[in-house]
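Convention: sequence-line order gives letters A, B, ...; per-chain numbering from 1.
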Amino acid sequence: MQDPADQANSPTLDASAMPHADQFSETSRRGPYTFPPADRIRKKSEYAAVFSNSRKVVDRYFVCYLVTQEQQGSKMGLAVSRKVGKAVTRNRVKRYLREFFRTHRPLMTAPCHFVIVARPAAAALSYAECVRAMKRLLQRGGVLDG
RNA sequence: CGAGCAGGCCGGACGGUCGCGGUAUCCCUUCGGGGAUAUGGAGGAAAGUCCGGGCUCCAUAGGGCGAGGUGCUUCGUAACGCGAAGGCGGGGCGAUCCGACGGAAAGUGGAACAGAAAACACACCGCCUACGUCUUCUUCGGAAGGCCGGUAAGGUUGAAAAGGUGCGGUAAGAGCGCACCAGCGUCGUGGCGACACGGCGGCUUGUCAAACCCCACCUGGAGCAAUUCCAAAUAGGGGAGCUACAGGCGUGGCCCGCGCUGCUCCCGGGUAGGAAGCUUGAGGCGCAUGGCGACAUGCGUCCCAGAUGAAUGGCCGUCUCGGGGGCUUCGGCCCCUAGACAGAACCCGGCUUACAGGCCUGCUCGUACU
RNA sequence: GGCCCCAUCGUCUAGGCUGGUCUAGGACACCGCCCUUUCACGGCGGCGACACGGGUUCAAAUCCCGUUGGGGCUA
């Protein structure tokens with residue numbers, strides 16, 4: 001078991017596998033592998049802020065806009081257009097990306113806001129392929145340990 | 001056993017764990033929220049948005065014109081373009097399947113090309129020369145030819161040619177006469193009815209209405225981003241018009257009518273938060289009764305998703321249904337693999353389209369055996 | 001989510017309501033020839049399309065139904 005993120009999928013948790021666990025608030029008594037509504041980008045203005053001043057990392061499956069945000073912690077937003085596929089396909093892609101964010105958040109080097117835009121090729125990915133692609137992408141963006 | 005027809009049903013199961021969103025109770029709170037426990041969280045099509053309703057607003061949806069839809073009958077239903085039972089026509093040996101299936105002697109139109117002719121029929125090739133008349137010949141009986149004509153049996157064209165077949169009849173023919181068949185009208189019988197059967201009559205009135213149209217019936221318009229409430233924000237500016245014999249808006253084809261308005265319209269500027277609507281409903285399940293059936297009635301029982309940048313997912317284990325591969329002593333054994341179409345957005349009833357695989361019931365035909 | 005519209009040569013379009021020589025017309029583009037010393041302009045000719053599947057009809061780009069793919073409006 002090389003990947004510490006895989007521990008989110010196992011019943012036993014190890015505190016030493018969380019290098020950046022201190023970025024979570026003191027009041028939260030839940031585990032590190034969560035994705036509550038406060039950590040999502042939900043407003044039009046937040047989306048606009050990320051799109052306007054951010055770095056862009058691209059591969060053939062996803063486009064990732066990311067901007068470092070020290071105060072507010074990490075937040076993620078999604079954009080999956082109808083070009084990706086029908087409703088079932090789009091929902092699956094969004095679930096995979098949420099699951100990736102949930103399980104890999106403790107590995108991030110710095111808190112940042114980012115929006116992931118799915119491209120049509122992402123429709124054919126399985127969850128494992130999706131995780132591999134996203135890890136490479138965020139490592140190139142410089143916000144993920146690897 | 002093989003081939004087939006119809007109807008109904010299922011659309012992996014159980015468990016662990018990390019998450020996501022709903023509800024209830026309790027606890028904490030810096031009043032923003034956070035936490036614990038319990039409970040339940042996609043479909044047969046949730047899809048396409050093709051019909052019909054409920055609901056909300058506009059007048060409790062009113063009148064006229066226009067526009068659109070439906071189209072054998074009778075039932076069922078809240079309603080329907082849906083369903084059931086039947087009629088008629090067509091396909092199939094059959095079980096059964098398919099059908100926009102009212103009206104063309106109300107009207108207006110269309111039918112390219114071909115063909116004589118495409119709709120108050122016509123006369124190209126044919127057939128006939130009885131009647132009338134002319135010429136020639138004559139064995140004085142008549143014969144041949146022409147004119148005036150007759151005819152729709154046959155031929156050609158076409159998607160389609162003016163009832164069909166047979167006998168009689170005739171100069172040749174013709175519903176001209178008759179028989180049967182088709183069609184039309186009418187009467188009787190059966191049926192609620194579509195229609196069926198039988199008698200009689202005069203003999204024939206083609207096709208397209210998914211061309212306009214006629215007839216019957218139906219439809220007011222918009223849609224939960226409807227609509228209502230709370231909070232916040234800007235109220236300031238520029239331009240134009242109107243002073244009632246009227247103007248504007250609601251109203252989405254128009255007119256009337258109705259309602260609202262005292263200022264109205266245009267340009268420019270600002271807001272996109274929260275709550276209600278939001279899930280108890282023509283509701284599901286079971287039983288009984290009525291009905292051939294669709295369905296209805298009664299009783300009992302259950303509460304079963306409500307998000308809003310938008311919840312159902314990730315991983316692991318066990319077991320099954322199929323599928324693939326290998327071994328085989330043909331009994332089986334081992335390995336791999338949950339795998340179709342597809343994701344609620346106000347809610348129902350249908351229709352249509354997509355769909356891996358599987359189950360049940362009834363029936364038909366063929367073969368074999370008893 | 002809801003409500004609408006559209007689909008014709010490579011591109012922009014005409015025809016569709018009223019079905020038939022529509023073998024689907026035009027413009028630009030492309031190809032060939034002529035003109036010119038050459039290019040451009042001009043002239044002549046050519047290539048080239050009814051989104052898909054059914055139905056009605058003798059006959060469908062046109063009428064009807066379904067499917068697919070685009071686009072718009074709406075708090």
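- Atom P of B/G107 sits at a distance of 40 Å from the matching atom of B/G76, rounded to the whole Å.
- A distance of about 12 Å separates the P atoms of B/A211 and C/C58, rounded to the whole Å.
- Each of B/C18, B/G313, B/C20 was ranked by its minimum atom distance to the side chain of A/Tyr96; first place goes to B/G313.
- With hydrogens and angles disregarded, a donor-acceptor distance shorter than 3.5 Å links the side chain of A/Arg140 to the backbone of A/Val58.
- Rounded to whole Å, the separation between the C1' atoms of B/C255 and B/C295 comes to 47 Å.
- The nearest whole Å value for the distance from the CZ atom in A/Phe35 to the P atom in B/G309 is 13 Å.
- Base orientation at B/U186 is anti, since its O4'-C1' glycosidic dihedral falls outside 90° of 0.
- Rounded to a whole angstrom, the distance from the C1' atom of B/A6 to that of B/U96 is 8 Å.
- With a glycosidic angle further than 90° from 0, B/G202 counts as anti.
- Between B/C20 and A/Arg98, no contact under 4.0 Å exists linking OP1 or OP2 to a side-chain N or O.
- Summarising the base pairing, B/C359 is matched to B/G8 through a Watson-Crick or G-U wobble pair whose two defining distances lie under 3.5 Å.
- Nearest heavy-atom pair across A/Val57 and A/Leu66 is CG2-CD2, 4.2 Å.
- The side chain to side chain contact (heavy atoms under 4.5 Å, CB included) test applied to A/Ala49 returns no partner, not counting sequence neighbours.
- Because its glycosidic torsion is more than 90° from 0, B/G166 is reported here as anti.
- In this structure, B/G262 forms no base pair with any nucleotide, since neither Watson-Crick nor G-U wobble geometry is met with both distances under 3.5 Å.
- Among the heavy atoms of the strands lying under 4.0 Å from A/Arg40 are primed sugar atoms or P, OP1, OP2 only; no base atom is included.
- Separation of the C1' atoms belonging to B/C304 and B/G22 is 13 Å when rounded to the nearest angstrom.
- In this structure, of B/C20, B/G309, B/G343, it is B/G343 that holds the atom nearest to the side chain of A/Asn91.
- For B/G286, the paired nucleotide is B/C299, the pair qualifying as Watson-Crick or G-U wobble because both relevant distances are below 3.5 Å.
- Figure legend. C/U57 is base-paired to no nucleotide; pairs are counted as Watson-Crick or G-U wobble with both atom distances under 3.5 Å.
- Going from the C1' atom of B/G62 to that of B/G54 covers 23 Å, rounded to whole Å.
- Because its glycosidic torsion is more than 90° from 0, B/G41 is reported here as anti.
- Where stacking is scored as ring centres under 5.5 Å apart with planes under 30°, A/Tyr47 registers as stacked on the base of B/G309.
- Side-chain atoms of A/Arg98 do not come within 3.5 Å of backbone N or O of A/Met76 as any donor-acceptor pair.
- Base-pair partner of B/C122: not found among the strands shown (Watson-Crick or G-U wobble, both distances under 3.5 Å).
- At a threshold of 4.0 angstrom between heavy atoms, the contacts of A/Leu78 include nucleobase atoms, whether or not backbone atoms are also involved.
- B/G40 and B/A78 have their P atoms separated by 35 Å, given to the nearest Å.
- Put simply, the side chain of A/Ile116 does not reach to within 4.5 Å of the side chain of A/Phe100, judged on heavy atoms.
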Tell me, with the steps shown, if A/Arg105 and A/Asp39 meet salt bridge (Lys or Arg N to Asp or Glu O under 4.0 Å). CA-CA 11 Å; A/Arg105 211 148 60 123; A/Asp39 293 344; 2.7 Å; yes

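- The pair A/Arg102-A/Glu99 meets the salt-bridge criterion, with a side-chain N (NZ, NE, NH1 or NH2) lying under 4.0 Å from an Asp/Glu carboxylate O.
- Comparing B/A344, B/U308, B/C20 by their closest approach to the side chain of A/Ala87 singles out B/A344.
- Formation of a donor-acceptor pair under 3.5 Å by the A/Tyr47 side chain with backbone atoms of A/Leu78 is found in this model.
- Candidate nucleotides B/A310, B/U312, B/G19 were compared by shortest atom distance to the side chain of A/Arg95, and B/U312 ranks first.
- Summarising the base pairing, B/C65 is matched to B/G253 through a Watson-Crick or G-U wobble pair whose two defining distances lie under 3.5 Å.
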If you restrict it to nitrogen or oxygen atoms, what contacts under 3.5 Å exist between nucleotides 69-75 of chain C and the protein, and what is each distance?
none

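- For A/Pro36, the side-chain atoms get nearest to B/C20 when compared with the rest of B/G343, B/G309, B/C20.
- Nucleotides B/G149 and B/A112, compared at atom P, are 32 Å apart to the nearest Å.
- Checking side-chain atoms of A/Arg55 against main-chain N and O of A/Thr68 turns up no donor-acceptor pair under 3.5 Å.
- Partner assigned to B/G366 is B/C1, using Watson-Crick or G-U wobble distances below 3.5 angstrom.
- Residue A/Arg102 places a side-chain atom within donor-acceptor reach of the base of B/C18, judged by atom type and a 3.5 Å distance cut-off alone.
- Nucleotide B/G239 carries an anti base; the chi torsion (O4'-C1'-N9-C4 or O4'-C1'-N1-C2) is more than 90° from 0.
- In terms of position on RNA chain B, the residue among A/Phe51 and A/Ala38 whose nearest nucleotide sits closer to the 5' end is A/Ala38.
- B/G141 is unpaired under the criterion used here, namely a Watson-Crick or G-U wobble arrangement in which both key atom distances are under 3.5 Å.
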